[in-house]
Amino acid sequence: MRTAVRRRSLTVPLADKQTAASGVDALPPLREVIAAYGLSARRSLGQNFLLDLNITRRIARAAGPLENATVLEIGPGPGGLTRALLEEGANTVIAVERDDRCLAALEQVAAVVDGRLHIVAGDALSVDVNALAEQYGMLRVVANLPYNISTPLLIGWLKKLSLFDRFVLMFQSEVADRLTSLPGPKTYGRLSVAAQWQCEVKPLFTLPPRAFTPAPKVSSTVVELKPRAHPLAEAEPDLLEEVVAAAFGQRRKMLRAALKGTFTDPQAVLTESGIAPEARAETVSIEGFCALARELARERARMRG
Ligand code: SAM
């Protein structure tokens, strides 16, 4: 196994996608890697591995073309998706993994791709994406995310959106539904507004539990988020977040009641923004929330004198 890796790593020329792919091809199958390194899945780390090459390839292709991309992969685990990204020609993959048990398996991949894979051992929630973007340029995040931190990770990235050119991410389908929801259903909420205000958000495909090892309880969906050239409507991010949090914090209440703690006269503000004071949060468009955030900016400015 190790001999094959070494031999291939010496023969892979740098910029040749086909030959570089054959270096990855020569690696042992993922199931063998998992057995060899004792990578029994840990629920606490959200470990549901993808071992089917057709699926990892499909995700990598959905994120392409990758030749000029710097991919940030969160949670490479045993390296299935990592391999697919490299085989699809990713210029650079920065793979952030918290589980030290996976590092040797990942080093094995790094050994055959001529410096295109950078392994970062640590917690993705504390990775300095500013520093990465400074060093590598725009980042494209492609990942089968650990489900327990998928939302905080995405919220953090949305706050630094200028560093990213695209996201292709696997979420639990229930989270994907919230990300992509239009106003109306119960799925529409803070996450829908936060994501769609700044990104075009599209579900790409859904996978059943059996696609993963071990199988989770629920299905998962790959979602693409493409940063918009401009947000859907003008608003200060903090004020938009404040208004949306207040509105959805009491989502069963009419907005004139839910926004009592936010505006001095919510009824007047809602009317001024073209929103019925009796409406509930889940019926308000993102543009409507932006109008409320602009009203809040005006009210705060008046209060400051
Ligand atoms: N990419 C692999 C695949 O598709 O087979 C594994 C995906 S698995 C759903 C999530 C991965 O994220 C695991 O490898 C897990 O160890 C890793 N992980 C969990 N929490 C993490 C964190 N805070 N920072 C970085 N990686 C983390």
Side-chain angles (χ1 to χ4, degrees), residues 24 27-63 66 71-88 90 93-110 113 117-129 132 139-157 167-176 204-223:
V24 173
L27 291 167
L30 285 168
R31 283 187 195 281
E32 274 181 32
V33 170
I34 288 171
Y37 293 100
L39 304 180
S40 53
R42 289 193 177 150
R43 190 193 282 253
S44 60
L45 288 168
Q47 291 182 335
N48 299 102
F49 301 134
L50 283 171
L51 308 183
D52 182 334
L53 301 186
N54 290 317
I55 296 176
T56 49
R57 196 177 298 130
R58 193 169 172 199
I59 299 171
R61 287 192 179 153
L66 294 171
V71 175
L72 175 60
E73 188 195 357
I74 304 304
L81 179 57
T82 321
R83 293 183 187 194
L85 291 163
L86 292 160
E87 282 192 285
E88 287 303 312
V93 177
I94 304 158
V96 183
E97 178 54 63
R98 189 174 175 184
D99 185 353
D100 289 348
R101 296 178 309 158
C102 298
L103 300 179
L106 295 167
E107 291 294 352
Q108 216 182 10
V109 181
V113 293
L117 174 60
H118 304 265
I119 302 160
V120 179
D123 185 346
L125 285 168
S126 18
V127 160
D128 183 350
V129 283
L132 287 181
L139 304 170
R140 186 169 309 169
V141 190
V142 187
N144 172 18
L145 290 174
Y147 71 91
N148 42 345
I149 56 165
S150 63
T151 308
L153 278 171
L154 180 63
I155 295 288
W157 295 329
F167 304 83
V168 174
L169 304 171
M170 177 88 74
F171 292 96
Q172 290 191 319
S173 296
E174 171 265 323
V175 178
L204 297 183
F205 53 92
T206 293
L207 294 173
R210 67 171 183 281
F212 301 84
T213 305
K217 289 204 174 71
V218 294
S219 62
S220 304
T221 301
V222 176
V223 177

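For ligands, and for the atoms within them, numbers begin at 1 and follow the listed sequence. Side-chain atoms are counted along with the backbone in the values below, which use heavy atoms only and exclude waters and symmetry mates.
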Considering only heavy atoms of [X], which atoms of ligand 1 have at least one such atom less than 4.0 Å away?
| X | result |
| --- | --- |
| Gly46 | 8 (S), 9 (C), 10 (C) |
| Gly77 | 14 (O) |
| Gly122 | 24 (N), 25 (C) |
| Phe49 | 5 (O), 6 (C) |
| Val96 | 25 (C), 26 (N) |
| Asn48 | 8 (S), 9 (C) |
| Leu50 | 3 (C), 4 (O), 5 (O) |
| Leu145 | 9 (C) |

Assess whether side-chain contact (heavy atoms from CB on, under 4.5 Å) is satisfied between Leu51 and Arg31, documenting all intermediate values.
-> CA-CA 7 Å; Leu51 308 183; Arg31 283 187 195 281; 3.5 Å; yes
Report the nearest protein non-hydrogen atom to [atom]: residue, atom name, distance rounded to 0.1 Å.
| atom | value |
| --- | --- |
| atom 24 (N) of ligand 1 | Ala124 N, 2.8 Å |
| atom 18 (N) of ligand 1 | Pro146 CG, 3.8 Å |
| atom 14 (O) of ligand 1 | Glu97 OE1, 2.8 Å |
| atom 12 (O) of ligand 1 | Gly75 CA, 3.1 Å |
| atom 13 (C) of ligand 1 | Gln47 CG, 3.6 Å |
| atom 19 (C) of ligand 1 | Leu45 O, 3.1 Å |
| atom 21 (C) of ligand 1 | Arg98 CB, 3.7 Å |

Quick one: do the Ser219 and Thr206 side chains pair a donor with an acceptor below 3.5 Å?
->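 No.
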Non-hydrogen atom of [X] closer than 4.0 Å to ligand 1:
| X | answer |
| --- | --- |
| Pro76 | yes |
| Glu73 | yes |
| Leu51 | no |
| Asp123 | yes |

If you round to the nearest 0.5 Å, how far is [atom2] of [Y] from [atom1] of [X]?
| X | Y | atom1 | atom2 | answer |
| --- | --- | --- | --- | --- |
| Phe171 | Leu154 | CZ | CG | 4.5 Å |
| Leu39 | Leu30 | CG | CG | 10.0 Å |
| Ser150 | Asn148 | OG | CG | 8.0 Å |
| Ile149 | Arg98 | CD1 | CZ | 7.5 Å |

Minimum side-chain heavy-atom gap Pro78-Phe49 below 4.5 Å |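 Yes, side chains in contact.
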Answer whether the closest heavy-atom distance between the side chains of Thr151 and Val175 falls below 4.5 Å.
->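 Yes, at least one pair of side-chain atoms sits under 4.5 Å.
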What are the two closest non-hydrogen atoms of [X] and [Y], and how far apart are they?
| X | Y | value |
| --- | --- | --- |
| Thr221 | Ala176 | CB-CB, 3.6 Å |
| Gln47 | Pro214 | O-CD, 3.5 Å |
| Leu103 | Ala121 | CD1-CB, 3.7 Å |

Which of the listed options, Ile34, Asn144, Ile149, Asp100, holds the heavy atom that is closest to atom 3 (C) of ligand 1?
->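 Selected option, by shortest heavy-atom distance: Asn144.
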For Val129, which of Val141, Leu72, Ile94 qualifies under side-chain contact (heavy atoms from CB on, under 4.5 Å)?
->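 Exactly one candidate clears the test, Leu72.
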